[in-house]
Amino acid sequence: MAAPAPLRLVVGEEELLVERAIEQVVAEVRAGDPAAEVRRVRASELTPADLAENLSPSLFAEARVIVLLAAQEVGKDLAAAIVEQSADPADGIVLVVVHSGGARNKGLVDALRKLGAPVTTCNKISRMDERSDFVRAEARRVGGKITGDAIGALLEAVGSDLRELASATSQLVADTGGSVDERAVRRYHRGRAEVSGFAVADKVVAGDRAGAIEALRWAQLLGTPSVLVADALADALRTLAKVGSAGRGDPNRLAGTLGMPPWKIRKAQQAVRGWGPEALAEAFAAAAEVNADVKGAAADPDYALERAVLRILAARSRR
């Protein structure tokens with residue numbers, strides 16, 4: 001087995017991915033020496049002398065992993081020391097430098113790259129399509145697969161926290177034998193996926209009056225924040241407008257242009273057929289009004305939400 005690279009660079013702000021990158025390095029080192037020591041230190045708390053002590057070889061040459069966290073915070077002298085001392089590491093020492101990836105102390109990152117440090121990029125995952133890609137990759141990582149509709153349902157049920165998404169995906173793959181579909185997500189997350197703001201919005205844009213009111217009542221009963229329901233209504237209408245203006249193209253090709261996953265485009269293409277320009281304009285007005293209502297303009301946010309849902313449904317029926 002090849003020895004692990006003595007210098008590693010982890011760049012980015014996505015905490016789960018950063019932690020996994022560090023764990024991967026530790027696993028590589030401990031594959032060769034199960035007793036390898038791991039030291040995690042906030043880089044800004046070290047002096048050049050402290051760094052030299054951490055990177056010095058031990059008497060018995062035990063393996064050691066030194067993780068320098070938040071390297072973007074270090075001063076000029078320590079940055080220079082990191083570059084100098086990592087250029088000629090002692091045998092058995094692996095240095096992992098973690099940097100947020102911003103402009104601050106970018107010179108340190110560039111210098112470590114020039115030294116040949118393998119780089120793991122952990123960019124922040126913030127867009128819906130990025131979270132969808134994460135869930136799909138997570139299912140593959142644990143030996144399973146997940147359908148596009150199931151990804152949408154899981155995001156509705158769990159939200160945007162990557163740790164929760166990773167845990168839920170892993171559990172679903174284990175519980176379903178490796179193949180996760182929408183029905184499985186709804187079954188295992190009953191009571192969350194079915195009463196989210198997105199569930200209400202889906203019923204509304206589809207013109208399902210009874211289903212929309214029922215979903216809204218359940219959401220309110222179980223304490224879904226009114227602002228989240230209002231935001232979901234606005235998001236669903238914006239999606240309809242974007243997809244409608246893009247025409248009937250292939251969802252897979254439109255995904256990059258519209259900045260949303262293909263399953264979401266496909267779903268919106270089906271729903272937008274029931275909407276005309278005037279109906280959408282009226283619906284947008286209702287969504288804007290209820291957004292203000294749930295943030296304090298209305299005395300009763302629940303009533304304001306129900307009124308907005310009925311108004312949007314009525315607009316659709318008059319298209």
Side-chain angles (χ1 to χ4, degrees), residues 14 16-17 20 123-208 211-212 214-216 218-219 222 224 228-229 231-233 235-240 242-243 246 248-274:
E14 193 58 71
L16 174 63
L17 302 184
R20 283 185 176 177
N123 291 334
K124 198 75 175 173
I125 293 178
S126 55
R127 301 203 318 265
M128 180 70 77
D129 59 324
E130 293 172 333
R131 286 194 287 271
S132 297
D133 290 342
F134 172 81
V135 170
R136 187 176 292 106
E138 193 66 17
R140 287 197 301 268
R141 190 180 76 89
V142 294
K145 59 183 180 179
I146 184 169
T147 66
D149 288 343
I151 292 173
L154 186 61
L155 291 172
E156 290 176 10
V158 176
S160 60
D161 184 270
L162 287 199
R163 293 184 188 277
E164 291 190 13
L165 284 172
S167 176
T169 302
S170 178
Q171 188 64 53
L172 281 163
V173 168
D175 290 344
T176 59
S179 185
V180 183
D181 58 15
E182 184 179 8
R183 181 177 297 180
V185 177
R186 299 292 182 186
R187 182 168 67 250
Y188 285 99
H189 291 272
R190 190 178 304 279
R192 291 189 67 184
E194 294 177 2
V195 296
S196 69
F198 291 107
V200 177
D202 283 347
K203 298 289 186 183
V204 171
V205 298
D208 182 356
E214 181 183 8
L216 178 61
W218 274 110
L222 296 178
T224 303
L228 296 185
V229 180
D231 285 346
L233 286 171
D235 179 73
L237 292 170
R238 283 193 297 269
T239 298
L240 284 185
K242 288 176 69 175
V243 171
R248 298 183 180 181
D250 179 358
N252 294 306
R253 293 186 177 182
L254 290 172
T257 303
L258 297 180
M260 62 182 74
W263 64 263
K264 189 173 184 180
I265 296 173
R266 194 172 294 110
K267 194 173 185 180
Q269 284 176 331
Q270 295 172 351
V272 79
R273 297 169 189 164

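Bear in mind the structure is a predicted one, so any value in this text is a computation, not a measurement.
Leu16 and Ala166 get closest at one heavy-atom pair: CD2-CB, 4.2 Å. Of all heavy-atom pairs between Ala268 and Thr239, the closest is CB-CG2, 3.8 Å. Of all the heavy atoms in Ala184 and Leu172, the pair that sits closest is O-CD2, 4.0 Å. When all heavy atoms are compared, the tightest approach of Ala271 to Leu240 is CB-CD2, 3.8 Å. For the residue pair Val205 and Ala236, the shortest heavy atom distance occurs at CG1-CB, 3.8 Å. Summarising the geometry of Val180 relative to Ala150, their closest heavy-atom pair is O-CB, 3.8 Å, with the distance given to 0.1 Å.
Judged by distance alone, the side chain of Glu182 and the main-chain N or O of Gly152 form no donor-acceptor pair under 3.5 Å. Of the possible polar contacts, one joining the Glu130 side chain to the Arg127 backbone as a donor-acceptor pair under 3.5 Å is found. Of the possible polar contacts, none joining the Ser167 side chain to the Arg163 backbone as a donor-acceptor pair under 3.5 Å is found.
Under 4.0 Å is where a charged nitrogen must lie from a carboxylate oxygen, and between Arg131 and Glu14 no such pair does. Checked for salt-bridge contact, Lys264 and Asp129 miss the test: no charged N lies under 4.0 Å from a carboxylate O.
Within the model, atoms CG of Asp208 and NZ of Lys203 stand 5.0 Å from one another, a figure rounded to the nearest 0.5 Å. For the atom pair CZ (Arg186) and CG (Leu154), the distance works out to 10.0 Å, reported to the nearest 0.5 Å. Atom CD1 in Ile146 sits 9.0 Å away from atom CG in Asp181 (nearest 0.5 Å). Here the straight-line distance linking atom CG of Leu165 with atom OG of Ser170 works out to 12.5 Å at 0.5 Å rounding. Note that OG1 of Thr147 and CZ of Arg136 are 9.0 Å apart. Values are rounded to the nearest 0.5 Å. Put simply, CD1 on Ile151 and CE on Met128 are 11.5 Å apart, with the number rounded to the nearest 0.5 Å.
Contact annotation: the side chain of Asp235 approaches that of Phe198 to within less than 4.5 Å [non-hydrogen atoms, C-beta and beyond].
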Item to check | Leu17 vs Phe134, side chain to side chain contact (heavy atoms under 4.5 Å, CB included): CA-CA, chis, key distance, verdict | outcome: CA-CA 10 Å; Leu17 302 184; Phe134 172 81; 4.1 Å; yes
Item to check | Candidate pair Lys267 and Asp149, rule salt bridge (charged side-chain N to carboxylate O under 4.0 Å, His left out), full reasoning | outcome: CA-CA 9 Å; Lys267 194 173 185 180; Asp149 288 343; over 6 Å; no
Next on the checklist: Between Leu254 and Gln269, is the side chain to side chain contact (heavy atoms under 4.5 Å, CB included) condition met? List the steps.
Outcome noted: CA-CA 11 Å; Leu254 290 172; Gln269 284 176 331; 3.8 Å; yes
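Residue-environment remark: NZ (Lys145) stays at or below the threshold of 12 foreign heavy atoms within 6.0 Å.
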